[in-house]
Structures are given as C-alpha cells and as structure tokens.
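One structure below.
Numbers here are sequence positions counted from 1. Values below: all heavy atoms of this structure, side chains included; hydrogens, waters and symmetry mates excluded. For clarity, every value in this text was computed on a predicted model and none was experimentally measured. In listed order, ligands and their atoms are each counted from 1.
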Amino acid sequence: MVFDLEMIKAVYARYPERVAAARKLVNKPLTLSEKILYAHLWDGNAAEAYERGKSYVDFAPDRVAMQDATAQMALLQFMQAGKTKVAVPSTAHADHLILARLGADKDLQDGINKNNEVFNFLSSVCDKYGIGFWKPGAGIIHQVVLENYAFPGGMMIGTDSHTVNAGGLGMVAIGVGGADAVDVMAGMAWELKFPKLIGVKLTGKLNGWTSAKDVILKVAGILTVKGGTGAIVEYFGEGAKSLSGTGKGTICNMGAEIGATTSTFGYDDSMRRYLSATGRADVVALADEVAEHLTGDAEVYDNPEQYFDQVIEINLSELTPHLNGPYTPDLATPVSEMKAAATANDWPTDIEWALIGSCTNSSYEDLSRAASIVDDAVSKGLNAKAILGINPGSEQVRFTAERDGFIDTFNKLDNTKIFTNACGPCIGQWDRPGASEEKKNSIVHSFNRNFKKRADGNPNTMAFVTSPEMVAAIAISGKLDFNPITDTLTNANGEEVSLAEPTGMELPPNGFAVDDNGYQAPAEDGSGIQVVVKEDSKRLQLLTPFAPWDGENITGAKLLIKAEGKCTTDHISMAGPWLQYRGHLDNISENCLIGAVNSFGGATNEVVNQLTGAKGAVPSTARAYKAAGVPSIVVGDHNYGEGSSREHAAMEPRHLGVYAVIVKSFARIHETNLKKQGMLGLTFNTESDYDLINEDDTFNFTDLNQFAPGKQLTLEIVHADGSKDNVLCNHTYNSGQIEWYKYGSALNLIKAEAAAQA
Ligand code: MIC
Ligand code: SF4
C-alpha cells in the first residue's frame, strides 16, 4: 500500500506552475533545493525572490514525523492547540525508548512493559487526532519514513534532527522542535529562514572498502560541526547518481552533524529502484511526469560556483574509508592514518564492542555489506574479537535480512547480539555491562553522533563513527587501528589471512518482505477517544502555559551557569535514562544543563547559588532562584545547542526560571526552540564579551522594552565591586517571533488566535 498517494499527486500537480513562477523571479537556472522550497510556499506561487540566509519565509510542508521521545512533548502541545485532527499526514514512531540489553525479543517486551504508559498515551493521541502510529519494534523513524513516506521533491518536517535522512529520496526534510510540528499539524504555516546553498559535486565511483558513509565523514571533516549551519547541502554529479537510495540517505542523515538545515539529491534511477522495491511504483510513475523539476537545472550542475554559496568536490574513486571521533563527529581520520593518530592521541585500540545500526546505517544494503565481511571472515577461520551488536533499521529490513540469511551469518560469530529494531545504543539506550566503572576504552559504531557519554553513559568511552562494513572488520580484528586494506589477521590455524572487500546488495533480489510491519492506522473519527494522563504520573504531565512577558526590562538577573566549550543538547538535556521523562516537564527539568561544563572551576553540575553562596546542582540552583523570584540567565560558547531537536533543552530552562540564553553562536534548531518557548536567545555582538562575565555578576536588560526586529539589545553587567560593563547582544527575532515572546510562547499565541476565531 502506498500511503497518502493523493497528497503526493497534488504536490506534483502544483510543481510545473510553482517552479515556473520561481524561475521568472529568481531569473536564473534553479537548484533542486530552490525548486522544492519555492514549490512549497505557504502563499502559493512565488511573489518575490528570497534572499538566502536573510528572508524569513512561510512554508507548507507536506507531512510531519515524530519519534516517541519528542512526540510526547509535541503532542502534549498539540492537544492544547484546540484542533480535532492533524492538518497534514503525520506519523509517530516508537523507537527511542527500548533499552538494548539481552537481545531483540526480550528487550522489546521489557521496553513495552516499562514504557507502557507512554506508548498507550502515544497510541491513543495518534488514534484521536488522525496520526499513523508505528508501534515499538516497527523500526527507527527515519528508516521507516524512507521505506514508506519519503518522495522526491516533497517537503517534510520531523521532531528529530535526523529527519534530514529523507533527503536520500530527494526531499527537503528538516528537523524541528515539537512546537514547529504543532504549527504544521494545526494547519498553520511553518517558518524558516531561506537557507544558503552548499553544492557538493561527486565525481567517480565508490570502490573497495569505501562506502556512502565515507562521503559524509569526509564532508564533516571539511565543513566541521558548524560548517553547514543555515544551509542546504545539495549533492550532484555522476558520483551522486552512482550511489544507492539508502546510501544517499546515510549521507543526508549525517548532514545533521555539520549543522546543515538539510541535504538532498536530485531524482534519479537509484530512487526509482528504491521506491519500486518498497512497493511505490505508483510514486515513480507520478514523479516521472515531473522529473525535470525534481532535480537541479543542468546549467547549475555544469557551473555550480555560479549558483551555490559554496562548492565542494569529492572524487569517490579516490575516497578512502574513514573513522570519525572521538567525542565529535567531524574529527575525520582516514583508516590508513589511524595507527599513527591513535598512538599520538593515546586512543585505546582494543575494541570490546562494535555496533551496527541507527537511522544512519541500518538498511538492507548496510546489513548485506557487513554480512559479506563476516561471511568471508568465518570462511577463513576467523571469529570476532569484539562483540558485534546490531540494531536493524526496521522490521521490514530485519525480516528480509533474516530471510536472506544475513542474521544467520552474523550469528556464526560467537559474539553477536541482534537487538531490537530501534535506536538502542545510539541514544544511550544500552545496558552495557561494566560501563559504570568508567574505564577508558574505545568503541566503533555506524551511528552518527559520538558525543561524550552518548552510547553507554561512560565519559571515558571514545566512540568512533564509521561504515557498517568497517565496524564488522574492526569487530573481527578487535582493533581500532586495523586497516582491512593492508593488514592481515591470524586465523584459528595460525594462518595469516586478509579480509576480502565488502560486497553488498543494494536491494533484496527477492524483494522486501515483512509479516507485521507494526503500523497502526488512526481511527476515522477520533472524537470519542479519550487520552488519559494520570494526575500522579511520573512519565507524563499536562502542560501549564508559560507566563506572557510583562513588557518590562529584565533586571537583577543572576548567572545560572556560564557554560564553557561544547554544549550540545546532550549537555543541556541528557538522553539515556532521562528519556523516560520526556513527557513530564517538571521531572525532566532535573537534568537541565547537568552536562554543561561550568567555566568557573570546570566542574559539571556544580554552580554557586549567588543568593546563599552555597554550591549546588544546576537544576536545584535554578529552582532556588525561581522560588526567590530572581530571574536567571545562561551564558554559552559557540554552536550552543548543537545536536538534537529536543525542545526540552529550551523548555527546561524556561520552566526553571531562566529568562535568557546568551552565547557566541547557536545551532539552528535550538535557537528556534528557544524562541518558540518564549525565551530570549541572544548572541554576543563582540564574542570576547563572553570573558567579561563573572560568576557573581548581576544582569540588567536595559532596553528590552524596545524589543524590535534588527535592533540590538543592551545587557548591563554589574560586577560584584559595583563596576559595570554594557555589552551589545544580537538577536534574529522577526516581528512574528517577537509576538511569541510577548505571549510567553508560540503555543500561547496559537491558542489565543484559535480562541479569537471561535
Ligand atoms: C538524537 O539522535 O539525539 C535524537 C535522540 O534522535 C534526537 C531527538 C531527541 O532528543 O529526542 C535528535 O536528533 O533530534
Ligand atoms: Fe535514533 Fe540515533 Fe537516529 Fe537519533 S540518531 S533517531 S537516536 S537512531
């Protein structure tokens, strides 16, 4: 069955006219990204040419996806919006809450028992409001979206930063906070600053040990974790066409790791093959009718420098396998240089665990390539030195891989663990034996993120990101610095053998199969369905609206924390064990900023309460200020809020009485999340003003009462000795966003508007 075919038809029917209108105004050949953006304007045909990186534009996305860890908050907000049904096709996916421990079946059942209340809540909200629900075990959101919903030229948003994965099928798919999803599900426009465009020209063809993953590992090394900020990365060239659909998905997926708004590829044969193999020949037929609009114009790809803001060229024929890490996904080391790098940096080289999975690399092709390595190794008398853990991306992938013998192949190794079709270790849902001893060690995985503590909670675990086939090879060798291209291994008979290059299958030769894909369709009429949130629940809490702004300046604020260095959403609102509180704002606020490094003293989760002089945890100190009626602020470094889309990272400080977050620079999604939740998100006009801030300062916003688009705000810093500094802060609020601030949150504004209409 093809989901929402009528919607896709309608999108394609609009394409020719919309692209023609844009072409006239932009007045030059168009990139694919521009075509998709202009084809999805809220107001219909383009009336002006937008300025990249400047214009705020209202869009009309075609669909919304949410995963369980963010859907709870998104849907708790949606329940307040006063609507009876979602306005666009939407889905929720139960994938983040299942702990990897013993193996698939046992873990899934445990996960269901433990999270029953949340799953029931999601299932009933979805049923009520017309949202498709993918039950626990159905698979990871982005793999399920790619298999069922993504379509070339479409636009979607999702409450997860890796929503961008759907770019692999030629979408503009963007990760957002739950409040943005609420806008779209409530039938309103969705706003985005018109992105800049980075073109990546791929020439040549992958070969040997190199895979699609290495393209993005390389790009991350070039652009760094901030390099894609505010931009869509568009891949093109012969090399792009030679990549599989899911390989393109992998590349787009990790675009999140360079801060890119999204990444995409033009419609081509690999997409046709993937769509057909996943039962969507009807979509191919429709897309073919407008195929010229579903890729960039030839002139653009012939002279990319004239049309993109930045162009990168990568020759796939020369690309070699990479390992990125530890602690950051942009520290790229070619496999051939790993021996030297590991020695120089004192990275442990013994590997105990090697993990394949996550939305980045859990497709049929990924499993087939990794299985080919295992098959070859076993046939040469090798076994694995490390434990190989695998989370298939979806039940369809798992079922088909099992039918085709890959699961049996993996199980030929003594130490294989097949976990649930879910996020698992990728998001810290992993009961790794011994992790609490905090031993220094390295792991390798095919995931996308490798921030400190992410997979197993141990700050001394160094995680390296690589391709599934490299993970398999490293699992067998047990060595981080094993180079399968040049190194040999000693087998059970004492012979030196080398591993053969991976071979894989882009798609299952006998087609995909699945028994029960885990989908639950919503009720036709949900009006009678009751959504239950128990008063005394520890997991779910109905939301109390945030207070509106009183129109006054904020004065007498204290510093909650000045965070130093990397402060990702994992530092602001940790995942792992905290995922259980994602639907309960007060309870999850107990993790607020507990991972951030205090620039005074370098400790985590230890700050001084300026009212008492006592040291305490960040959340309790914030609560103490709030109880005393004293506003607080947070100060941060570069790319603050990098990583996830979780709006908890904005809602928690807001809930705890923080009024403003002032940083050197923000990650896009987090900045928007702050705005949506009625917070002040500001950047230092002069970066070094960060250094002026002392632990015991008091802060006054002296001209907030004149808050206006494009007008800087002044922060008066009163030092303990009475001396003062005035620093200028920049902001990117437009007039609509200032309204959110005035109302206390974007949701408050939606509610007020709905009430006015009623
Ligand atoms: C992640 O990979 O960090 C997550 C968990 O999928 C998040 C969403 C979340 O925090 O729930 C993301 O990337 O947006
Ligand atoms: Fe799940 Fe990991 Fe993908 Fe996030 S990055 S959606 S946690 S698999």
Residue and atom name of the nearest protein heavy atom (relative to [atom]), distance in Å to one decimal:
atom: atom 3 (O) of ligand 1; answer: Arg449 NH1, 2.8 Å
atom: atom 7 (C) of ligand 1; answer: Ser644 OG, 3.3 Å
atom: atom 2 (O) of ligand 1; answer: Arg454 NH2, 2.6 Å
atom: atom 8 (C) of ligand 1; answer: Gln67 NE2, 3.1 Å
atom: atom 1 (Fe) of ligand 2; answer: Cys423 SG, 2.4 Å
atom: atom 10 (O) of ligand 1; answer: Arg646 NE, 2.5 Å
atom: atom 3 (Fe) of ligand 2; answer: Cys359 SG, 2.3 Å

Check: [X] side chain, [Y] main-chain N or O, donor-acceptor pair, under 3.5 Å:
X: Ser363; Y: Asp366; value: yes
X: Arg539; Y: Gln580; value: yes
X: Asp62; Y: Met155; value: yes
X: Asp214; Y: His322; value: yes

Ligand 1 atoms in contact with [X] (distance to a heavy atom under 4.0 Å):
X: Ala69; answer: 11 (O)
X: Arg582; answer: 9 (C), 10 (O), 11 (O)
X: His96; answer: 4 (C), 5 (C), 6 (O)
X: Ser645; answer: 12 (C), 14 (O)

Salt bridge or not between [X] and [Y]? Use side-chain N to carboxylate O under 4.0 Å.
X: Arg432; Y: Glu352; answer: yes
X: Asp570; Y: Arg646; answer: yes
X: Glu402; Y: Arg398; answer: yes

With a cut-off of 4.0 Å, which atoms of ligand 2 are near a heavy atom of [X]?
X: Ile427; value: 7 (S)
X: His142; value: 6 (S)
X: Ser358; value: 8 (S)

**OP:** Might you work through the salt bridge (Lys or Arg N to Asp or Glu O under 4.0 Å) test for Arg668 and Glu671, ending with a clear yes or no?
**Re:** CA-CA 5 Å; Arg668 173 189 63 89; Glu671 183 179 15; over 6 Å; no
**OP:** Would you name the heavy atoms of Ile140 and Cys423 that are closest together and state the gap between them?
**Re:**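 For Ile140 and Cys423, the tightest heavy-atom pair comes out as CG1-N, 3.9 Å.
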**OP:** For Ser362 and Gln143, work out which heavy atoms get closest and say how close.
**Re:**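 Answer, listing the atom of Ser362 first, then Gln143: OG-OE1, 4.1 Å.
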Original post:
Does some non-hydrogen atom of His648 fall short of 4.0 Å from ligand 1?
Top reply: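 No; His648 lies far enough from ligand 1 that no heavy-atom distance drops under 4.0 Å.
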Subject >> ligand 2-proximal atoms of Asn448, by part, heavy-atom distance under 4.0 Å >> reply: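 It is the side chain that touches ligand 2; the backbone stays farther off.
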**OP:** For ligand 2, indicate whether the residue Thr360 contacts it via side chain, backbone, both or neither (heavy-atom separation under 4.0 Å).
**Re:**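 Answer for Thr360: neither.
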Original post:
atom 2 (Fe) of ligand 2 to Cys426: any N/O/S contact under 2.8 Å?
Top reply: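 Checking atom 2 (Fe) of ligand 2 against Cys426, an N, O or S atom does fall under 2.8 Å.
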Original post:
Is it true that the side chains of Thr461 and Asn441 contain a donor and an acceptor less than 3.5 Å apart?
Top reply: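 Side chains of Thr461 and Asn441: pair found under 3.5 Å.
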**OP:** Dump the intermediate steps for salt bridge (Lys or Arg N to Asp or Glu O under 4.0 Å) on Lys114 and Asp110, then the final yes or no.
**Re:** CA-CA 6 Å; Lys114 222 174 113 204; Asp110 284 353; over 6 Å; no
**OP:** Evaluate salt bridge (Lys or Arg N to Asp or Glu O under 4.0 Å) for Lys675 paired with Asp180, printing each intermediate quantity in order.
**Re:** CA-CA 11 Å; Lys675 292 178 178 176; Asp180 286 47; over 6 Å; no
So, regarding [X] and ligand 1 (criterion: nitrogen or oxygen to nitrogen or oxygen, under 3.5 Å), is there a contact or not?
X: Thr70; value: no
X: Thr159; value: no
X: Ser161; value: yes

**OP:** Answer yes or no: does atom NZ of Lys218 have more than 12 heavy-atom neighbours from other residues, nucleotides or ligands under 6.0 Å?
**Re:**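 Atom NZ in Lys218 is not crowded, with 12 or fewer foreign heavy atoms closer than 6.0 Å.
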**OP:** For ligand 1, note which part of His142 has a heavy atom under 4.0 Å away: side chain, backbone, both or neither.
**Re:**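 Under 4.0 Å from ligand 1, His142 contributes no heavy atoms.
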**OP:** Between Asp160 and ligand 1, find which residue part has any heavy-atom pair under 4.0 Å and reply side chain, backbone, both or neither.
**Re:**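 Contact part for Asp160 vs ligand 1: both backbone and side chain.
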**OP:** Just go through Gln67, His96, His162 and tell me whose heavy atom is the nearest to atom 6 (S) of ligand 2.
**Re:**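 Heavy atom nearest to atom 6 (S) of ligand 2 belongs to His96.
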